[in-house]
Amino acid sequence: MKKFAALGLAMALTFSSNVYAAETVVPEDRFSELESLAEAAGKTLPEYTSNAVSGEKLFVKDWSTKISDIASGSDMYIAGEKTNATCVVDKVDYQTALYAVKKGRDVGGQALVAAKLSAPGVNLADAQVKLYVEDIKAGDAISVYKCVKGEWEPVAVTAVTDGYVQAAFDYQGIYAVIKTDPAKPVK
């Protein structure tokens, strides 16, 4: 009963405020896991499942990695023109985060963050999104990948500035931002 009441409160808080968050359907067996993750992050369940994605550490056996904060940085560009369309940034589940970390390692870098991106009502045929990612500096080698049907596909990165990456955004789904080491000179 406590879980049902907490979920009801979480949904009421999510849908009764001006914060636009994706509806989260939590299977009963995952509810206690989400409560534990929220508590470990020092957040309430509604805060933890909202689309304000903030970083914590991801622990896997004997290592951990920090997950960077991410948010929609500004209005989207569509067909080369700035619009007032915005991108919604949602959290991904633990397994998806681990999958992004693995992709980062596979390409010789470190996954800074993985998030589910969407833009309801926006034609994404020729769109770009500017994302705030806390651990990015101008000149960093940044790669962005989208996960389509379980496979990572590279996305064109159009700009990297202090705290921001701008990339092609033609698919609503999971994206990973990966910081790679700059190419080393051949001796």
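Listed here is the closest heavy atom pair of Y171 and K146: CB-CD, 3.9 Å. When every heavy atom of A100 is checked against every heavy atom of A111, the shortest pair comes out as O-CB, 3.3 Å. Across every non-hydrogen atom of D170 and Y175, the tightest pair is N-OH, 3.7 Å. Q172 approaches S118 most closely through the heavy-atom pair OE1-CB, 3.0 Å.
With sequence neighbours excluded, the residues forming a side chain to side chain contact (heavy atoms under 4.5 Å, CB included) with D126 are A79, listed by chain and number. The side chain to side chain contact (heavy atoms under 4.5 Å, CB included) search around A127 returns M76, I78, L124, not counting sequence neighbours.
Residues D140 and D135 fail the side-chain proximity criterion, which asks for heavy atoms closer than 4.5 Å. Between L131 and L117 the shortest side-chain heavy-atom distance falls below 4.5 Å. Taking the side chain as every heavy atom from C-beta outward, I142 and I178 never approach each other to under 4.5 Å. K102 is not listed as a side-chain neighbour of L98, based on a closest heavy-atom distance of 4.5 Å or more. At a threshold of 4.5 Å between non-hydrogen side-chain atoms, the residues V107 and S143 do not count as touching.
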Would you be so kind as to tabulate the donor-acceptor pairs closer than 3.5 Å made by side chains of residues 152-162, with sequence neighbours excluded?
from	atom 1	to	atom 2	distance (Å)
T158	OG1	Q128	OE1	3.0
T158	OG1	Q166	O	3.2
D162	OD1	A138	N	2.8

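Residues Y145 and V92 share a hydrophobic cluster, clusters being chains of Ile/Leu/Val/Met/Phe/Trp/Tyr side chains in contact below 4.5 Å. Hydrophobic clustering keeps I174 apart from Y94 (ILVMFWY residues linked when any side-chain heavy atoms are closer than 4.5 Å, directly or through intermediates). Linking ILVMFWY side-chain heavy atoms closer than 4.5 Å, directly or via other members, places I136 and V144 in a single hydrophobic cluster.
For T180 (side chain) and A141 (main-chain N/O), a donor-acceptor pair under 3.5 Å exists by modelled atom type.
A cation-pi arrangement is not found for K130 relative to Y77, the charged atom failing to lie both closer than 6.0 Å to the ring centre and inside a 45° cone about the ring normal.
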